[in-house]
S.K.: 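I have a structure here, written as structure tokens, and I will follow up with some questions on it.
All of these numbers come straight from a predicted model, not from anything done at the bench. FYI, side chains are in, hydrogens and waters are out, and symmetry mates aren't considered; it's all heavy atoms of this structure.
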Amino acid sequence: MVLKTVPIQQLRAGMFLHQVAGSWMDHPFWRSRFTLRGDGDLEKLRDNGIREVVIDTERGLDIDIAVEPRVAVDEPQAAVAPPPVLAQVGGEYVDAARLCAKSLEVVSAVFREARLGRAVDAQACLPLVEEIVESVMTSQDTLVTMARIKTADTYTYMHAVAVSTLMIALARQIGLPAPLIREAGLAGLLHDIGKVQMPTELLGKNGRLNEKELALMRTHALRGKQLLVEGGSAGAAVLDTALHHHERADGSGYPDRLSGDKISLFARMGAVCDVYDAVTSRRPYRAPWDPGEAMREMAQAKGQFSDAVFQSFVKAVGIYPTGSLVRMQSEKLAVVIGQSKESLLTPRLKVFYDVGERHLIQPFELDLSDSNRTDRIAGVEPPGAWRFPDLEKLWLRGE
């Protein structure tokens, strides 16, 4: 790596941008390290008042030497062993599983430091947020789906990663600018930081909380904001999301019983993303909802969520999110393995069971956006009613 600080006037296409001077959250790009592609990138830098940047001349053009840029290769990183469930994935989920494992390591370290009474450095989470943003841009479904896989020991940390991923996807769907998309990801990652001050037996209780326990648990929102304020590096939107992601549109939430537009956009987004991931994840006291079932139930929960935000969420994740179990008009069962760009109603499926014959069939893929297909989705099926073992293997391994 050979780094040089250069004024904006000397930049040209083909240089590898290693760092932008100033706050990482303020620059106009999805990624902070990439090869400058043309005049559009240069104009964005100039329009945002950036005066100088750091370039890596081993990965791109130098100031004076006009040579073809080298192919950008990520610097080697220490291998992170994924959790046992994630270690078995295949196909397009390999990179997402690796990022989930890395995210688990980073987030657990941040929460551990907070639990020990040390300051929460929100800025230290930004490189991870950037990787999540890039993953969502590349293949939104994969990381959103992978982050649902949690164990009892990793739930709190992977929930943070999942909500961060969903916040980024939702912010992108709403059309927020790049800096706010990154801030939404950071807000999602730290929204539950206050739970580090909750008793561990409360977090892992195998049953519903009683009134006294519930009252204590609800203090995590205010505690989370206080921890972030003491850390001194979290922005106003991140603080507000930590405090108000349990507020509800009809005023029935906590801690301040805010309603309607009195709840900030980020807090309204956080409410939807937090609930969706919570109900689609396995907990000690209940089985997870199917993603499609969760979407249907949330749509019917009138007064709970902002209508506009929830509609954008559906567009971001899909009416039939990846992992949903669906029944076809042909009386076959299938698992959703990906979304279609054409329509929310035409996802990609893996068909594996014949309801009429009541037996498994050789799995095959079906793209409902294909004009030649004749089958359609008749409805969502609750997995618990069928008790298929290892249903997630159908979409995790790419088999």
S.K.: Tell me, do Met328 and Leu368 make a side-chain contact under 4.5 Å, heavy atoms counted?
M.R.: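 Yes, at least one pair of side-chain atoms sits under 4.5 Å.
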S.K.: Do Ser103 and Leu128 come close enough that some side-chain heavy atom pair is under 4.5 Å?
M.R.: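 Heavy-atom side-chain distance check passes, below 4.5 Å.
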S.K.: Identify all side-chain donor-acceptor contacts of residues 352-360 below 3.5 Å with residues at least two apart in sequence or on another chain.
M.R.:
residue	atom	partner	partner atom	Å
Asp354	OD1	Gly356	N	3.0
Asp354	OD1	Glu357	N	2.8

S.K.: Sequence neighbours excluded, which residues qualify as side chain to side chain contact (heavy atoms under 4.5 Å, CB included) partners of Leu222?
M.R.: Gln226, Leu243
S.K.: Please tell me whether His220 and His245 form a close aromatic pair, meaning their ring centres lie under 6.0 Å apart.
M.R.: yes
S.K.: Suppose the criterion is salt bridge (Lys or Arg N to Asp or Glu O under 4.0 Å): which pairs have a residue in residues 203-215, not counting sequence neighbours?
M.R.: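 For residues 203-215: Lys205-Glu213.
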S.K.: With sequence neighbours left out, write down each residue that passes side chain to side chain contact (heavy atoms under 4.5 Å, CB included) with Ser259, or none if nothing qualifies.
M.R.: none
S.K.: Under a 4.5 Å cut-off applied to non-hydrogen side-chain atoms, are Val54 and Lys4 in contact?
M.R.: no
S.K.: Please collect all salt bridge (Lys or Arg N to Asp or Glu O under 4.0 Å) contacts where either partner lies in residues 238-247, sequence neighbours excluded, each pair once.
M.R.: none
S.K.: Please check if the side chain of Asp375 supplies one atom and the backbone of Ser330 the other of a donor-acceptor pair under 3.5 Å.
M.R.: yes
S.K.: Check whether any side-chain heavy atom of Phe310 sits under 4.5 Å from a side-chain heavy atom of Met295, and report yes or no.
M.R.: yes
S.K.: Would you say the side chain of Val136 lies within less than 4.5 Å of the side chain of Thr165, judging by non-hydrogen atoms?
M.R.: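 Touching, per the 4.5 Å side-chain cut-off.
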S.K.: Please enumerate all residues that pass ring-ring contact (aromatic ring centres under 6.0 Å, His included) together with Tyr320, with sequence neighbours excluded.
M.R.: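 So Tyr320 forms no ring-ring contact (aromatic ring centres under 6.0 Å, His included) with any residue.
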S.K.: For residues Tyr254 and Val163: do they belong to one hydrophobic cluster (side chain heavy atoms under 4.5 Å, members Ile, Leu, Val, Met, Phe, Trp, Tyr)?
M.R.: no
S.K.: For the CZ atom on Arg115, are there more than 12 heavy atoms of other groups (residues, nucleotides or ligands in this structure) within a distance under 6.0 Å?
M.R.: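 Yes, enclosed.
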S.K.: Apart from Leu202 itself, which Ile, Leu, Val, Met, Phe, Trp or Tyr residues share its cluster (side-chain heavy atoms under 4.5 Å, direct or through members)?
M.R.: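 Leu202 shares its hydrophobic cluster with Met198, Leu203, Leu209, Leu214, Leu216, Met217.
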S.K.: Ser164: what forms a side chain to side chain contact (heavy atoms under 4.5 Å, CB included) with it, not counting sequence neighbours?
M.R.: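 If we apply the side chain to side chain contact (heavy atoms under 4.5 Å, CB included) test to Ser164, skipping adjacent residues, the hits are Ile132, Ile168, Leu189.
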S.K.: Once side chain to side chain contact (heavy atoms under 4.5 Å, CB included) is applied, do any residues pair with Gln339, and if so which ones, sequence neighbours excluded?
M.R.: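 Expected list: Asp141, Thr322, Val336, Pro347.
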S.K.: For residues Trp289 and Glu297, is any side-chain donor paired with an opposing acceptor at under 3.5 Å?
M.R.: no
S.K.: With sequence neighbours left out, write down each residue that passes ring-ring contact (aromatic ring centres under 6.0 Å, His included) with Phe266, or none if nothing qualifies.
M.R.: none
S.K.: Does anything in residues 98-120 form a ring-ring contact (aromatic ring centres under 6.0 Å, His included)? List the pairs, not counting sequence neighbours.
M.R.: Phe111-Tyr157
S.K.: Quick test of your reading of the model: are Lys195 and Asp192 salt-bridged, counting only N-O distances below 4.0 Å?
M.R.: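 Salt bridge flag = yes for Asp192 with Lys195.
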S.K.: Is it true that the side chains of Arg223 and Thr219 contain a donor and an acceptor less than 3.5 Å apart?
M.R.: yes
S.K.: Report the distance from atom CZ of Arg373 to atom CG of Asp367, rounding to the nearest 0.5 Å.
M.R.: 9.0 Å
S.K.: Around atom CG of Asp261, are there more than 12 heavy atoms from other residues, nucleotides or ligands closer than 6.0 Å?
M.R.: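 Count not over threshold, so no.
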S.K.: For His244 versus Pro255, what's the shortest heavy-atom pair and its separation?
M.R.: CD2-CD, 4.0 Å
S.K.: Verify whether the ring centers belonging to His191 and His159 lie closer than 6.0 Å.
M.R.: yes
S.K.: Hey, are the side chains of Pro288 and Ser281 touching, using non-hydrogen atoms and a 4.5 Å cut-off?
M.R.: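 Result no, sub-4.5 Å side-chain heavy-atom pair not found.
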S.K.: For a 4.5 angstrom cut-off between non-hydrogen side-chain atoms, does Leu176 reach Glu183?
M.R.: no
S.K.: Which ILVMFWY residues can you reach from Ile263 by hopping between side chains whose heavy atoms are under 4.5 Å apart?
M.R.: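 Once heavy-atom contacts under 4.5 Å are chained together, Ile263 belongs with Leu258.
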